[in-house]
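Okay, so here's the structure we're looking at.
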Amino acid sequence: MEILHVSAECYPVAKAGGLGDVVGALPKYQQQAGHQAKVVMPMYRTRFLYSNEWELVHKGYTNMGSYFFDYSVIKEKHNKLGFELYLVDIYGLLDREQIYGYGDDNDRFVSFQIAVVDWLSSWAFRPDVVHVHDHHTALIPFLLQHTYKYRHLAQIPTVLTIHNAQYQGSMDWSKSVLLPEWDLWKRGMLEWAGAINPLASGIKCASKVTTVSWSYLDELKYMSNGLEALFEYEKGKCVGILNGIDTQVWNPSADIYLKDDFSVQNVAKGKARNKQLLCDEFGLDPQKPLFVFIGRLVHEKAADLLPSVVGDSFYHIGRKMSFLFLGSGDPAVEAQLNGLNMLSQNDYSCYIGYNEQLSHMMYAAADFLLMPSRVEPCGLNQMYAMRYGTVPLVRNTGGLRDTVRDIDQHDGYGIVFDSATVGHITHAIWRACDLYGKSVEFEQSRIRMMQLDFSWEKSTEAYQQIYLSLK
Ligand code: ADP
């Protein structure tokens with residue numbers, strides 16, 4: 001089966017979060033399962049672009065409303081990622097260093113989607129399915145079905161995977177002129193709440209919609225940033241498929257970012273060595289349990305609570321633990337986390353920014369990972385943490401609920417709490433400190449977690465069933 005993934009991110013080419021990890025891994029596993037999986041994404045000016053070899057596979061010319069543009073598609077020559085990778089370049093729009101965050105992001109991703117569909121229309125053979133990811137590519141099902149220029153492609157089945165429904169790419173109706181001429185009777189297929197809403201359009205037009213965990217799919221019907229009624233209406237075509245993790249990239253016994261590898265056989269010693277190195281680097285006391293947070297410093301992740309959590313833990317539990325936080329996002333939270341450095345007594349530090357290597361070192365070195373998310377569609381961090389023997393402290397929501405079992409339950413291994421409040425998080429930290437003190441139980445839960453299977457094979461099979469249902 002030939003699958004064309006269209007995405008704004010793909011690790012290691014360009015990654016801002018979990019979307020990048022998933023699109024960097026799923027096609028590889030699909031390829032290993034005997035499919036032909038391809039990924040097409042914008043040609044950002046990232047390091048990966050300059051350190052690999054490329055060949056030009058297509059040059060095209062099309063328009064976004066009155067803006068006519070050339071685009072080119074290049075392919076990575078050696079299929080280094082385990083699948084065919086294509087990049088689309090559009091001068092002035094996609095040739096940027098960052099993935100997101102520009103004032104013209106809507107125009108950038110509309111132009112990317114038009115170029116992809118235009119390129120697709122030049123193919124001699126059609127792919128069996130076009131698989132789009134999140135709002136940046138969710139207009140493609142509409143473009144295939146309801147634009148006059150491309151309606152000869154309308155029979156291609158499409159799957160939309162929603163990695164995060166908080167972001168929908170909503171834009172004013174004045175932007176409708178950017179799309180290739182479309183059937184005006186189909187206005188409703190673009191619209192939600194008085195605007196063009198790419199994510200809503202994708203949900204309406206795609207043949208199937210998937211979300212990245214079962215619990216998140218349920219939650220979307222009552223908590224999806226305005227799309228609740230749509231999820232309820234379209235529930236017949238929505239399916240939850242839990243993300244896997246790339247066990248080749250995230251492997252504590254062969255991690256290119258670690259100086260000291262370890263496995264389930266020597267987890268205690270291996271983690272202790274990694275902890276010592278990390279604590280030396282950040283001036284932390286390695287004797288204390290180390291709690292880390294890795295992620296975007298945004299409301300969804302409850303990052304705004306972290307500064308108070310540190311203060312409350314020190315006050316109520318005592319200075320028995322250390323904290324190390326890695327992330328970037330809300331400038332106010334960044335400033336507060338930086339400010340806490342002043343109070344550190346070798347028990348607090350933070351790194352504001354994005355650092356892939358440090359994230360691997362933290363998963364390996366930490367005793368506990370904090371994930372108090374208000375919204376968590378799947379969450380990969382907790383799965384990485386568990387693979388590296390780090391006990392996750394998670395809020396009972398979305399994919400966290402589907403992947404972490406509380407230590408007090410039969411065969412449990414993590415710590416689960418109900419609400420994203422400073423009190424609940426601090427209580428979870430207290431429970432974690434208690435667990436840390438019980439060395440046998442702590443060791444057992446580490447070993448249990450490291451043996452859990454979060455590999456992509458099961459989910460790859462579930463995606464295949466979805467594709468087959470579209471034939
Ligand atoms: P989301 O996609 O909502 O950000 P996920 O848990 O699905 O959250 O995926 C987050 C991914 O991004 C993980 O691979 C995590 O390690 C990585 N990550 C997030 N923030 C940073 C950062 N500041 N530095 C390095 N890696 C990060």
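When a ligand or atom number is given, it counts from 1 through the structure's own listing order.
- Applying the side chain to side chain contact (heavy atoms under 4.5 Å, CB included) rule to Gln248 yields the partners Lys28, Tyr29, Gln32, Asp246; only residues at least two apart in sequence or on another chain are considered.
- Heavy-atom contacts of Gly327 reach the following atoms of ligand 1: 23 (N) (cutoff under 4.0 Å).
- Asp134 and His163 share no side-chain donor-acceptor pair at under 3.5 Å.
- For ligand 1, the atoms lying closer than 4.0 Å to a non-hydrogen atom of Gly353 are 22 (C), 23 (N).
- What sits closest to atom 22 (C) of ligand 1 on the protein, heavy atoms only, is Tyr354 CD1, 3.4 Å.
- Close approach of ligand 1 to Asp21 is summarised as follows: ligand atoms under 4.0 Å from at least one heavy atom of the residue are 11 (C), 13 (C), 14 (O).
- Under 4.0 angstrom from ligand 1, the non-hydrogen atoms of Lys15 all belong to its side chain.
- In the vicinity of Gly295, heavy-atom distances shorter than 4.0 Å reach the ligand 1 atoms 19 (C), 20 (N).
- Those atoms of ligand 1 with a heavy atom of Tyr384 less than 4.0 angstrom away are 13 (C), 14 (O).
- Counting heavy atoms under 4.0 Å from ligand 1, residue His163 does not touch it at all.
- For the residue pair Pro289 and Lys320, the shortest heavy atom distance occurs at CD-O, 3.1 Å.
- Within the listing of ligand 1, atoms 15 (C), 16 (O) sit less than 4.0 angstrom from a heavy atom of Tyr363.
- Ring centroids of Phe282 and Tyr351 are separated by 6.0 Å or more, keeping the two rings apart.
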